[in-house]
Amino acid sequence: MIKNNDKNDNNITRLLDDEPVGRTVQVVRVMGGGGFRQRLLEMGFVRGAQVTVIKNAPLKDPVEYMIMGSHISLRHSEAAQIEVTDKDAEFCDMEDAYNGIVETTVAGVDPLADNVLRVALIGNPNCGKTSLFNYVTGAKEKVGNYGGVTVDSKEGWFTIGDRKVQLVDLPGTYSLTEYSPEEMYVRTYIRDNHPDAILNIVDAGNLERNLYLTTQVMDMNIPMVVALNMWDELEKSGDKLDIEMMSRLLGARMVPMTAYNGHGVKEVLQATMDAIDESEQETLHHNVNYGPLIENCLKELGNMCPELDRYTVLKIIENDQHAIELLNRQENGEQVKKEAAEMRQRIERDFNDDITSIVTDLKYGFVRGALTEALTPNPDRETGDTKPGYSLDRLLTNRWLALPILLVLMWLMFEATFTLGAYPQGWIENGIAWIGEWIGKALPEGILRDLIVDGIIGGVGGVLVFLPQILILFFFISLLEDSGYMARAAFIVDRIMHRVGLHGKSFIPYLIGFGCGVPAIMATRTLENHRDRLVTILTVPFMSCSARLPAYLLLVAAFFTAKQGLILMSIYLIGILVAALTAILMSKTFLKHDKTQFVMELPPYRKPTARNATIHMWSKSKQYLQKMATVILAASIIVWALGYFPRHEGQTPQEQIENSYMGMMGKAIEPVVEPLGFNWQMGVSVLTGAAAKEIVVSTMGVLYTGESDADEESTSLKEKLQTATKANGEHVFDPIVAYSFMLFILLYFPCIAALAAIRREAGTKWMIFEIFYTTGVAWLVSFIFYQVARMI
Ligand code: GDP
Ligand code: MG
């Protein structure tokens with residue numbers, strides 16, 4: 001790839017892709033067009049910006065670059081679209097770009113016109129919006145150290161003085177161009193809900209890039225406060241920021257803050273309230289001054305459509321389709337369009353560049369100009385390989401070690417889930433058995449006792465015992481997310497993901513999918529490419545979610561004595577394999593692969609906080625218990641009733657259940673599941689498990705309690721499965737049957753909640769496809785495994 005690294009002539013432009021690791025160069029221009037180019041510009045690839053080549057991914061592609069203080073990942077093919085030159089080549093003077101601010105008068109509004117005071121949180125991904133939101137509203141939303149954790153808005157309330165204010169946590173965006181779903185979401189939210197104030201959160205350690213969004217928000221003419229978050233990190237770095245000067249230069253209120261421990265939060269909220277109060281009168285709003293030519297155009301066009309804000313007017317000049325669509329509602333729409341097109345030509349001729357670059361350059365120039373004045377970087381600040389976390393990073397993304405480390409970490413996660421979880425699980429198991437026994441003795445024989453002991457305790461209890469394991473799994477996922485490793489994992493596997501027709505960024509939804517498919521499907525919203533998103537959504541259910549874990553844990557513990565962690569991991573790996581094959585299949589057939597391009601940000605490494613991990617675990621356990629008390633309780637009772645009725649006198653429990661409604665159902669589907677090695681009880685469990693996969697275990701719990709004799713009432717489900725026999729005296733389960741059953745549970749029908757998410761994100765057609773596809777694959781894989789394993 002490195003072709004002309006020794007041909008280092010001055011002022012000759014080269015491609016970023018050809019630059020060797022370690023070199024810093026200057027951006028000349030981004031070639032190509034469309035959304036990806038726009039995104040590159042917004043991420044800071046503007047004329048004159050310095051880029052450093054940090055390293056190649058272990059598999060050579062993609063490459064990590066540093067631009068404007070943040071680390072991002074680009075593929076070779078993407079870097080080849082960026083023209084660069086030597087870093088000290090003089091071809092443009094950025095300092096001149098700061099033209100100051102212009103002021104617009106905005107009429108006063110009554111903030112309580114709709115009876116609620118509403119403040120919207122806006123900022124780049126990963127700048128601490130959710131941390132602030134949680135701190136202020138006492139909510140327990142998920143915080144994560146990578147972009148795209150919040151893909152929906154969350155609303156909460158806080159009180160300040162005697163006022164109750166609604167706070168809205170919006171998805172992170174780099175810009176408001178309506179290029180990706182999040183941007184669209186934020187833009188539409190502001191347009192439709194018109195918040196009383198915008199609280200713009202910026203990462204104080206990365207102002208240049210973060211303030212770009214601020215320049216766009218400023219143009220919306222809504223009262224705004226800029227919270228300089230991660231102030232602790234800025235102070236530690238030794239950089240000095242003159243907040244007062246910065247506020248003046250940008251024309252925005254700025255308040256320092258450290259969201260995760262609450263420093264400065266009160267001041268930020270107070271400043272927001274002040275801004276709202278002021279907006280009741282006519283106020284002066286500050287905007288970026290784009291220089292006389294563009295300012296004149298803005299004024300002229302603004303007069304033609306007075307109800308549009310400055311942001312939209314500029315977007316119309318930029319030929320932004322969403323903004324132009326707004327004109328269709330307008331009487332003089334056609335005229336405005338014509339006028340805007342002429343202006344665009346005039347500006348492009350004057351600047352000798354295309355309009356998107358011109359505006360982005362000017363905005364960045366404005367930010368940079370202000371920063372040169374107000375920010376004094378620490379001269380001996382740690383950069384590059386002396387930065388904290390860098391030596392760790394060298395190990396984690398090492399060419400040879402990266403993939404083994406990733407695998408070992410995943411293995412550790414599952415092994416710990418298994419072994420550590422077994423202790424508390426044992427206690428819960430004993431507790432439940434004791435309660436069951438006690439109730440069994442206390443209540444008179446009859447239907448009520450059967451319902452409680454066999455139905456409720458057998459069903460719900462069978463699932464409840466896995467709570468510790470689930471907490472441990474989520475604890476690990478939370479650590480991976482918070483430390484910043486998750487994004488590195490995406491960086492490491494991008495090449496592999498590319499092979500299956502996806503981007504490394506899809507790896508994040510997949511990993512979340514090990515926790516739960518629903519947020520994972522939601523997390524695909526960060527994928528900008530529609531096809532990639534669809535493929536990821538349809539394959540995420542093959543990532544084994546935590547609801548399936550109880551079934552594996554039960555079966556592995558019962559039928560495999562050695563290498564339990566490995567067996568468990570093999571199930572997960574098979575899920576990944578099936579997902580990969582599915583993705584390839586889709587890319588080759590009906591979802592043809594078009595070139596997907598992303599700019600992925602690699603967040604700084606951060607020490608995971610105990611607070612975050614506990615919040616995460618707590619909210620998960622609450623969800624799990626809620627599910628237990630509702631869906632699983634109801635399902636257990638239904639399953640029990642179907643197995644209890646109709647009553648026949650004088651039958652053994654075994655015969656009773658075989659002749660029950662459940663037995664009839666099971667017998668009906670037995671021919672379908674028999675080739676997989678399943679008996680009818682397993683068939684029924686799979687059927688009921690479609691509602692939620694934990695129910696597989698609770699159904700087994702209900703079905704198998706009926707079989708044991710009264711004096712054995714307290715034996716665990718595990719022992720019951722081990723001793724279950726067929727009519728001919730053979731054991732029902734052996735390792736092969738258990739494994740075949742696990743494969744089926746892994747692959748078949750995602751639960752109802754996941755399907756609802758798929759329907760919401762991809763449509764009914766794809767949901768129906770998914771039902772048949774997953775169940776078909778599950779049957780086939782179990783069938784092949786079972787038949788082949790029986791032969792050998
Ligand atoms: P969001 O994507 O904007 O919602 O950001 P999050 O709230 O999820 O936070 C992103 C990461 O930054 C998490 O790892 C937080 O723990 C961390 N973080 C948030 N606020 C601060 C802060 O004030 N200082 C430091 N050092 N880290 C922070
Ligand atoms: Mg968030």
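Note that ligands are numbered from 1 as they come in the structure, with each ligand's atoms numbered from 1 the same way. Not measured: the values here are computed from a predicted model.
- Polar contact with ligand 1: absent for Asp169 (N/O pair, distance under 3.5 Å).
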Go through the steps for Arg187 and Asp192 under the test salt bridge (charged side-chain N to carboxylate O under 4.0 Å, His left out), then give the verdict.
-> CA-CA 9 Å; Arg187 186 71 195 103; Asp192 296 349; over 6 Å; no

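- Put simply, no part of Thr609 is less than 4.0 Å from ligand 1, judged by heavy atoms.
- Counting heavy atoms closer than 4.0 Å to ligand 1, residue Asn229 contributes side-chain atoms (C-beta onward) but none from N, CA, C or O.
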Decide side chain to side chain contact (heavy atoms under 4.5 Å, CB included) for Phe514 and Tyr572; before the verdict, give the C-alpha distance in whole Å, the side-chain angles of both, and the deciding distance to 0.1 Å.
-> CA-CA 9 Å; Phe514 288 131; Tyr572 281 80; 3.5 Å; yes

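- Salt bridge Arg533/Glu761: present, at least one basic N to carboxylate O contact under 4.0 Å.
- Remark: ligand 1 atoms within the under-4.0 Å shell around heavy atoms of Asp232 are 22 (C), 23 (O), 24 (N), 25 (C), 26 (N).
- For the 3.5 Å distance criterion, the side chains of Tyr185 and Thr173 fail to qualify, holding no donor opposite an acceptor.
- Under 4.0 Å from ligand 1, the heavy atoms of Arg606 that appear belong solely to its side chain.
- Among Pro125, Pro604, Ser131, Gly172, the residue whose heavy atom lies closest to atom 7 (O) of ligand 1 is Ser131.
- For Tyr174 and Glu183, the side-chain atoms include no donor-acceptor pair closer than 3.5 Å.
- Aromatic rings of Tyr260 and Tyr135 (six-membered ring for Trp) have centroids beyond the 6.0 Å cut-off, not under it.
- Counting heavy atoms closer than 4.0 Å to ligand 1, residue Glu233 contributes side-chain atoms (C-beta onward) but none from N, CA, C or O.
- Taking every heavy atom of Thr258 and a limit of under 4.0 angstrom, the matching atoms of ligand 1 come to 22 (C), 23 (O), 24 (N).
- Contact analysis puts Cys127 in contact with ligand 1, with a non-hydrogen atom separation below 4.0 angstrom.
- Within ligand 1, the atoms closer than 4.0 Å to a non-hydrogen atom of Asp482 are 14 (O), numbered from 1 in the order shown.
- Thr397 and Arg488 share no donor-acceptor pair across their side chains, judged by distance under 3.5 Å alone.
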